[in-house]
Number of protein chains: 2
Amino acid sequence: MKYSSSKENYLKAIYHLQGESKMVSTNSLAASLQARPASVTDMLKKLKKEKLLHYEPYLGFRLNQEGKKVALQIIRKHRLWEYFLVKKLHFGWDEVHEMAEELEHLTSTRLIDRLDRFLEFPQMDPHGDPIPDANGKLSQLKQTSLLNLPFNRAFTVSGVSGQSQEMLEWLGQKNIRIGTRLEVRNKLPFDNSVEIKIKNQLPVTLSEQVAKNILVHE
Amino acid sequence: MKYSSSKENYLKAIYHLQGESKMVSTNSLAASLQARPASVTDMLKKLKKEKLLHYEPYLGFRLNQEGKKVALQIIRKHRLWEYFLVKKLHFGWDEVHEMAEELEHLTSTRLIDRLDRFLEFPQMDPHGDPIPDANGKLSQLKQTSLLNLPFNRAFTVSGVSGQSQEMLEWLGQKNIRIGTRLEVRNKLPFDNSVEIKIKNQLPVTLSEQVAKNILVHE
DNA sequence: ATAATTATTTAGGCTAATCTAAAAAAATAT
DNA sequence: ATATTTTTTTAGATTAGCCTAAATAATTAT
Ligand SMILES: [Mn+2]
Ligand SMILES: [Mn+2]
Ligand SMILES: [Mn+2]
Ligand SMILES: [Mn+2]
């Protein structure tokens, strides 16, 4: 089973769009891949013929077991390479996504397994996302968004969703990264923005948009 | 300037075939790329249009300055990744070529320069071939083939050309690798095979074919 | 010098991955 | 229930990279 980079990108994007077996729409996939809906329809037919997803014209589609398995291997490669780039080559967490977008398509399984060992089997990528193991198993850590936190209790940042280059950079400047300990001081009722405190630092106010994207655990 | 993997493979193959600005023929390039001569002609037209080589139909072709520059960057990436695979991921020197064949097409220059630094600027790849620097400069080390050696003087293996998977493996078994010290004991006049001696090992006889491919320096 | 052989190019086709424009189906609004 | 809007699919084209078969040029042998 070897798939083109393009097919792999489709599978990965579908995986991210379908949460727990929710149906995905042609337009949303087109948007997430920056492609035209007509191109998506073309590719869906091919992926269906290769038995990687369920697809009913006009109704939507979702990965089947095999499709998910393939998607998870690509995600594994993406995240392991991101970890390598940050931990070994000392790139910033806001710089690695594009490179990983290419590296994830390398075909050698032996290579990725050796890389995994070389990196000492990391559990999380630099953005706090879990790294699937060689069998595609994800270690689930229960995370909550900063938005739903009780006040004045310490939490650890364990992930950031959304992940625009700009946001990651900005968070970095405020010293908000994976592993940062913080507590929520207040939540402003008029715009849902959140005031947080990190030890030895001035308080920072985060908009609802940003707070929603920061994931923490105790 | 970004080129497809296919174009990069063409440029690299032409670079290896043309020694010092020697003309290359359509058939030899087709053979080295495992492609049909007609496909080579197609590609030559495109590479000529992109001003990467001189090409006169029926007469032959060779890379121009720009073409050589591009080829050397691909070779740099190939050899740095091979070094990484052997030194950091502990693959054997006979296992890394295929993987490097993919890795060499990654586009990020920042990535390869950081990798270079991470590896502490190696001069040679695992097969003893020199690694071009970021500007495409090759450090030339004068090597000779085992075939032309005087008897009973110690030399160091510094490279292996040819490089079939099988030969590399066989040499490995005989403890012949980059850095091995050896001396030639005898050269058999009837078939040009060569008898060599490595310290604390039984003598080994190498056919002319193999001896020719082993490069050494004092 | 001519014929035979070999090397190279041309002509014409195929597939994967994209696109635009038009048609058709589904969802939404009146 | 119809009409309008939105979503999705179909039809038809394009480009890169490859192929086979046929034509042509260059080389080699007689
Ligand atoms: Mn990708
Ligand atoms: Mn990530
Ligand atoms: Mn290659
Ligand atoms: Mn090499």
Side-chain angles (χ1 to χ4, degrees), chain A residues 1-15 17-18 22-63 67 70-71 74 101-102 104-107, chain B residues 1-18 22-63 67 70-71 74 98 101-102 104-107:
Chain A
M1 320 305 137
K2 254 286 286 321
Y3 303 100
S4 67
S5 292
S6 185
K7 280 180 182 161
E8 292 190 344
N9 285 337
Y10 271 82
L11 293 172
K12 186 162 63 99
I14 298 169
Y15 181 91
L17 287 174
Q18 76 181 53
K22 201 171 68 224
M23 277 287 193
V24 180
S25 78
T26 302
N27 267 3
S28 62
L29 181 53
S32 121
L33 287 167
Q34 314 225 94
R36 292 332 189 85
S39 312
V40 169
T41 302
D42 282 355
M43 186 62 92
L44 286 174
K45 289 181 188 162
K46 295 177 196 162
L47 295 176
K48 175 171 192 180
K49 196 174 299 170
E50 297 185 63
K51 298 206 199 306
L52 292 164
L53 44 71
H54 304 291
Y55 168 44
E56 286 303 331
Y58 293 106
L59 294 186
F61 47 90
R62 64 171 190 282
L63 299 182
V70 176
I74 303 158
E101 205 55 50
E102 280 187 60
E104 72 190 356
H105 303 293
L106 296 169
T107 57
Chain B
M1 318 305 137
K2 254 286 286 321
Y3 304 99
S4 67
S5 293
S6 186
K7 279 179 183 161
E8 293 190 343
N9 285 336
Y10 271 83
L11 294 172
K12 185 161 62 98
I14 298 169
Y15 181 91
H16 286 311
L17 287 175
Q18 77 181 54
K22 200 172 70 223
M23 278 285 193
V24 180
S25 76
T26 302
N27 268 2
S28 62
L29 181 52
S32 122
L33 287 166
Q34 314 226 92
R36 286 351 206 36
S39 311
V40 169
T41 303
D42 282 353
M43 186 62 93
L44 287 174
K45 290 180 188 163
K46 293 177 197 162
L47 295 176
K48 175 170 194 180
K49 196 173 299 167
E50 296 184 66
K51 298 206 200 306
L52 293 164
L53 43 72
H54 304 292
Y55 168 44
E56 287 303 331
Y58 294 106
L59 294 185
F61 46 90
R62 64 171 190 280
L63 299 182
V70 175
I74 303 158
E98 290 236 333
E101 206 54 50
E102 280 187 62
E104 71 190 356
H105 303 294
L106 295 168
T107 58

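So you know, we letter chains A, B, ... as the sequences are listed, proteins then strands, and number each from 1. What you see below is based on every heavy atom in this structure, not just the backbone, and it leaves out hydrogens, waters and symmetry mates.
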query = Does the side chain of B:S25 get closer than 4.0 angstrom to OP1 or OP2 of C:dA7 through an N or O atom?
reply = no
message = Just so I know, are the side chains of B:Y10 and B:L63 near enough to count as touching, which here means a heavy-atom distance under 4.5 Å?
response = no
ask   = In whole Å, what is the span from the CG atom of B:L59 to the P atom of D:dA26?
value = 7 Å
Value in whole Å for how far the C1' atom of D:dC18 lies from CD of B:Q34 = 14 Å
note = Atom CZ of A:R36 and atom C1' of D:dT10 are separated, to the nearest Å, by 16 Å
task = Please report the shortest heavy-atom distance between B:T26 and B:F61, naming the atom on each side.
result = N-CE2, 3.6 Å
query = Just how far, in rounded Å, is P of C:dA16 from CG of A:D42?
reply = 12 Å
query = Do the side-chain N or O atoms of A:K46 get closer than 4.0 angstrom to the phosphate oxygens (OP1, OP2) of C:dA17?
reply = yes
query = Which heavy atom in A:L106 sits nearest to a heavy atom in B:E102, and how many Å separate them?
reply = CA-OE1, 3.4 Å
ask   = Given D:dT9, is OP1 or OP2 found less than 4.0 Å from the side-chain N or O atoms of A:T26?
value = yes
query = Could you give the CE-to-P distance, from B:M43 to D:dT15, as a whole number of Å?
reply = 16 Å
query = Heavy atoms, side chains only, cut-off 4.5 Å: are A:M23 and A:E56 in contact?
reply = no
key: Rounded distance in Å - OH (B:Y55) to C1' (C:dT8)   = 7 Å
